[in-house]
J.: 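Sharing a structure below in structure tokens format, with a few things to ask.
Just so you know, these numbers come straight off a predicted model, no measurement behind them. Keep in mind that the numbers below use all heavy atoms, side chains included, and drop hydrogens, waters and symmetry copies.
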Amino acid sequence: MKQAKWFLLLHLILGIYATSSVCSKLAARQPFLSVAFIGLYGTMLLALVVYAFGWQQVIKHLPLTTAYANKAVTVVWGILLGFLIFGESVTPRQVVGALIIIVGIVLFVRADHEGEDDQ
């Protein structure tokens with residue numbers, strides 16, 4: 001159960017990491033050095049700092065292979081955030097790609113846990 005908490009935290013910080021890209025894209029739409037530009041880039045930097053510290057904590061408690069395998073979920077976050085925030089269309093290829101990523105992560109994590117049980 002304790003590992004589930006760290007797994008959830010991993011996905012939360014990966015969501016924060018993906019959100020930093022949203023702030024960057026929003027900042028690029030603002031006039032250079034405007035208050036909005038500086039605020040959005042500042043938020044992006046803060047998100048990256050939170051991600052870096054969170055990542056360090058997560059890899060102390062989860063197998064590194066599991067943590068790295070789950071980083072691919074940021075692609076799925078990017079598709080969702082692009083759709084929700086920027087109104088970008090989601091293509092069938094993106095849906096298939098997202099499903100492949102999710103299935104791959106699930107299979108990898110399950111295989112990783114089975115390998116732990118064998119030892």
J.: For Phe53 and Val49: C-alpha separation, side-chain torsions, deciding distance, then whether side chain to side chain contact (heavy atoms under 4.5 Å, CB included) applies.
T.: CA-CA 6 Å; Phe53 281 110; Val49 168; 3.6 Å; yes
J.: Quick check: closest heavy atoms across Tyr41 and Ser24, and the distance to 0.1 Å?
T.: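 In terms of heavy atoms, the two residues are closest at OH-OG, 3.8 Å.
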J.: Would you kindly confirm whether Leu8 and Leu62 end up in one hydrophobic cluster when ILVMFWY residues are joined by side chain heavy atoms under 4.5 Å apart?
T.: no
J.: Would Ile13 and Tyr17 count as a side chain to side chain contact (heavy atoms under 4.5 Å, CB included) if you check the C-alpha gap in whole Å, the side-chain angles of each, and the deciding distance to 0.1 Å?
T.: CA-CA 6 Å; Ile13 66 164; Tyr17 178 72; over 6 Å; no
J.: With the side chain counted from C-beta on, respond yes when Ser20 and Lys25 share a heavy-atom pair under 4.5 Å apart, and no when they do not.
T.: no
J.: Would a hydrophobic clustering, with Ile, Leu, Val, Met, Phe, Trp and Tyr connected at side-chain separations under 4.5 Å, put Leu99 with Ile79?
T.: yes
J.: Which heavy-atom pair separates Ile101 from Ala72 by the least distance, and what is that distance?
T.: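 Smallest interatomic distance, heavy atoms only, reads CG2-O, 3.7 Å.
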J.: I'd like to check Trp77 versus Val73 (side-chain heavy atoms, cut-off strictly below 4.5 Å). Are they in contact?
T.: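 Trp77 reaches Val73 side chain to side chain.
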J.: Which Ile, Leu, Val, Met, Phe, Trp or Tyr residues join Val103 in one cluster when any pair of side-chain heavy atoms under 4.5 Å counts as a link?
T.: Leu107
J.: Does a sphere of radius 6.0 Å around OH in Tyr51 hold more than 12 heavy atoms from other residues, nucleotides or ligands, not counting ones at 6.0 Å or beyond?
T.: yes
J.: Give the minimum heavy-atom separation between His61 and Gln3, together with the two atoms involved.
T.: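 Scanning both residues, the minimum pair turns out to be O-NE2, 4.4 Å.
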J.: For Trp55, does the six-membered ring have the charged nitrogen or CZ of Lys60 within the cation-pi criterion, i.e. under 6.0 angstrom from the centroid and within 45° of the normal?
T.: no
J.: Are Ile100 and Ile102 connected into the same hydrophobic cluster when the rule is that any two of I, L, V, M, F, W, Y join if their side-chain heavy atoms are below 4.5 Å apart?
T.: no
J.: Between Ile16 and Ala47, which heavy-atom pair has the shortest distance, and what is it?
T.: CG2-O, 3.5 Å
J.: Measuring from atom OG1 of Thr91 to atom CD of Gln94, what distance do you get when rounded to the nearest 0.5 angstrom?
T.: 3.5 Å
J.: Working to the nearest 0.5 angstrom, can you tell me the gap between Thr66 OG1 and Arg110 CZ?
T.: 13.5 Å
J.: Of all heavy-atom pairs between Leu10 and Ala67, which one has the smallest distance, and what is that distance?
T.: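 In terms of heavy atoms, the two residues are closest at CD2-CA, 4.0 Å.
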J.: In Å and rounded to the nearest 0.5 Å, what is the CG to CG distance from Leu40 to Leu45?
T.: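 Reported to 0.5 Å precision, the distance equals 11.0 Å.
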J.: What do the steps show when you test Tyr68 against Ile59 for side chain to side chain contact (heavy atoms under 4.5 Å, CB included), and what is the final call?
T.: CA-CA 9 Å; Tyr68 268 106; Ile59 62 174; 5.7 Å; no
J.: Which value, rounded to the nearest 0.5 Å, describes the distance between Gln57 atom CD and Leu9 atom CG?
T.: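 Interatomic distance, Gln57 CD to Leu9 CG, rounded to 0.5 Å: 8.5 Å.
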J.: Applying a strict under-4.5 Å side-chain criterion to I, L, V, M, F, W and Y, I'd like to know whether Leu64 and Phe7 cluster together.
T.: yes
J.: Between Val90 and Val96, is there a shared hydrophobic cluster once you connect ILVMFWY residues whose side-chain heavy atoms come closer than 4.5 Å?
T.: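 Cluster IDs for Val90 and Val96 differ.
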J.: Can you confirm whether Phe86 is buried at CZ, in the sense that more than 12 heavy atoms of other residues, nucleotides or ligands lie under 6.0 Å from that atom?
T.: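 Result for CZ/Phe86: enclosed.
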J.: For the pair Thr19 (side chain) and Gly15 (backbone), establish whether a donor and an acceptor sit closer than 3.5 Å, ignoring hydrogens and angles.
T.: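 Answer holds: yes.
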